[in-house]
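Data block below; observations after.
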Amino acid sequence: MTRFKGKHPMHSTSIKHLSLAIFSSLSLMACQPAPDTTTQDSANQEAIAQDSTAQSTNSAQNNSQSAEQTITQPITILALGDSLTEGLGVAEQDSYPAQLEAALHEAGYVNAKVVNSGLSGETSTGLVNRLDWVMKTKPDITILTTGANDAMRGIEVAMIEKNIRTAIERLQAGGSTVILGGMQVYDNMGNEYVKSFSDIYPRIAEDTGVAFIPFFLDGVAADRELNQDDAIHPTKDGYTIIVNDNILPVLKPTLAQVLDSNQSSPDTQLSTATTAETS
């Protein structure tokens, strides 16, 4: 039997070639650039940081908006006028003062109170005569709408204007910020009277500097769907339009000014300081 005493020449050569090929492959793999895991990790971390920052920013904005939407400072608004203020023909909760209070609470003025001081059939003279009584409510803001009944009775425009100016002067002297609601009358009163009547409201607003609603019934007057059968007094839906479209756009800036003024008043600061000391 022939024994194998050494390496077969052909077998040895094959092993050498195979070893060389493996070594070359490993060398090539070693020369390839390694994946830049550091850059990738850095990018991932940056993306996570940006996402976290965005979430924090959104959270801060939401918290800020929530704080802005809740105003706890008490505010009293006097709705002063005739049957249009009283809400003749509709349920108490459907009158404009009630709807306005609800709208203010929904807007974040949680301690806003609207006092309904409307009196059906009242003229501007009657309103002036009861000012001392209604001022006992100590209103921060008064929404004044009067004169329509005067016009329906053909009372002289000069007298109506005098009464409105007197009312504004006395309300302001009592510490109330006044918002004047403009009124208009039907053409059957005669063109000259109609124009003279409607002109007194912007004139008074300009002279006295009070906030002004150009036409209290704008968007509602003469609309059969938004008025009761008498074609004069609004329905619940009519009052909703008056509150949202006519009153609030004028009232909200006035509210901001009054609340800011009240907050910075010495009495408020003293009350705040006393509360802090007690706490």
Side-chain angles (χ1 to χ4, degrees), residues 78-91 94-97 99-100 116-131 142-169 171 178-251 254:
L78 176 64
L80 182 59
D82 48 35
S83 57
L84 295 173
T85 297
E86 183 184 30
L88 183 67
V90 299
D94 296 334
S95 66
Y96 106 68
Q99 290 199 47
L100 177 60
N116 187 338
S117 189
L119 187 59
S120 293
E122 183 179 64
T123 63
S124 59
T125 299
L127 184 143
V128 169
N129 290 337
R130 66 184 176 102
L131 280 176
T142 299
I143 302 174
L144 176 63
T145 54
T146 188
N149 286 323
D150 298 69
M152 292 176 66
R153 299 177 187 184
I155 295 175
E156 291 183 4
V157 171
M159 176 60 71
I160 303 171
E161 181 169 359
K162 178 183 177 182
N163 287 335
I164 294 175
R165 288 181 182 273
T166 299
I168 291 174
E169 182 180 349
L171 288 164
V178 178
I179 297 175
L180 178 62
M183 297 301 301
Q184 298 176 13
V185 291
Y186 294 115
D187 293 339
N188 60 2
M189 299 298 299
N191 292 336
E192 184 178 350
Y193 186 92
V194 169
K195 185 179 186 308
S196 297
F197 176 80
S198 61
D199 285 349
I200 67 175
Y201 294 93
R203 182 168 59 246
I204 292 173
E206 183 177 0
D207 291 346
T208 60
V210 299
F212 183 48
I213 302 170
F215 181 30
F216 183 76
L217 297 174
D218 189 33
V220 176
D223 189 326
R224 295 178 60 183
E225 298 298 324
L226 299 174
N227 286 277
Q228 301 173 46
D229 292 340
D230 62 8
I232 295 175
H233 296 92
T235 61
K236 173 186 175 181
D237 292 339
Y239 278 124
T240 300
I241 292 174
I242 290 170
V243 168
N244 293 334
D245 296 350
N246 301 344
I247 297 176
L248 284 174
V250 178
L251 175 60
T254 305

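All of these numbers come straight from a predicted model, not from anything done at the bench.
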Just wondering, do Gln99 and Ile242 contact through their side chains at under 4.5 Å, heavy atoms?
-> no
Which atom of Val220 lies closest to which atom of Gly238, heavy atoms considered | CG2-O, 3.4 Å
Is any side-chain heavy atom of Val210 closer than 4.5 Å to a side-chain heavy atom of Leu144?
-> no
Closest heavy-atom pair, Ala211 versus Val250, reported as atoms and distance to 0.1 Å, is CB-CG1, 3.8 Å
Is any side-chain heavy atom of Asp82 less than 4.5 Å from a side-chain heavy atom of Leu119?
-> no
Taking C-beta and beyond as the side chain, do Glu86 and Glu122 meet within less than 4.5 Å on heavy atoms?
-> no
Residues Lys195, Asp199: salt bridge by 4.0 Å N-O rule = yes
Can you tell me if CG on Asp229 sees more than 12 non-hydrogen neighbours from other groups inside 6.0 Å?
-> no
In Å, rounded to the nearest 0.5 Å, how long is the span from NE2 of His233 to CG of Leu84?
-> 5.0 Å
CG of Asp207: more than 12 outside heavy atoms within 6.0 angstrom?
-> yes
Roughly how far, to the nearest 0.5 Å, is the CG atom of Leu131 from the CG atom of Leu80?
-> 6.5 Å
Side chain to side chain contact (heavy atoms under 4.5 Å, CB included) evaluation trace for Ile213 with Leu180 = CA-CA 6 Å; Ile213 302 170; Leu180 178 62; over 6 Å; no
Only counting residues at least two apart or in another chain, list the ones meeting side chain to side chain contact (heavy atoms under 4.5 Å, CB included) with Asp218.
-> Phe215, Asn246
Would you call the rings of Tyr239 and Tyr96 parallel, tilted or perpendicular if under 30° counts as parallel and over 60° as perpendicular?
-> tilted
For residues Ser95 and Gly87, report the shortest heavy-atom separation together with the two atoms involved.
-> CB-CA, 4.0 Å
Salt bridge flag under 4.0 Å for residues Glu169 and Arg165 | no
What orientation do Tyr201 and Phe197 show, parallel under 30°, tilted 30 to 60°, or perpendicular over 60°?
-> perpendicular
Is any side-chain heavy atom of Met183 less than 4.5 Å from a side-chain heavy atom of Leu217?
-> yes
One should read off an interatomic distance between Ile160 CD1 and Thr125 OG1, to the nearest 0.5 angstrom, of 8.5 Å
Do Thr123 and Asn149 have a side chain donor and acceptor closer than 3.5 Å?
-> no
Passes side-chain hydrogen bond (donor to acceptor under 3.5 Å, both in side chains), Thr145 versus Thr85? Steps please.
-> CA-CA 8 Å; Thr145 54; Thr85 297; 3.0 Å; yes
Hey, could you give me the CD1/CG distance between Ile179 and Leu78, rounded to the nearest 0.5 Å?
-> 11.5 Å
Roughly how far, to the nearest 0.5 Å, is the CG atom of Leu226 from the CG atom of Asp237?
-> 6.5 Å
Arg153 atom CZ, over 12 foreign heavy atoms within 6.0 Å = yes
With a 4.5 Å heavy-atom cut-off, do Met159 and Asp150 have their side chains touching?
-> no
Could you walk me through whether Ile200 and Ile164 pass the side chain to side chain contact (heavy atoms under 4.5 Å, CB included) check?
-> CA-CA 9 Å; Ile200 67 175; Ile164 294 175; 4.1 Å; yes
Looking only at heavy atoms, what is the nearest atom pair of Pro234 and Val90, with distance?
-> O-CG1, 3.6 Å
4.5 Å side-chain heavy-atom contact, Thr240 and Asp245 | no
Scanning both residues in full, the closest heavy-atom pair of Ser196 with Val157 reads O-CG1, 3.6 Å
Side chains of Ile204 and Glu161 in contact at under 4.5 Å (non-hydrogen atoms) | yes
Mind listing the closest non-hydrogen atom pair of Ile232 and Asn227 along with its distance?
-> O-OD1, 3.6 Å
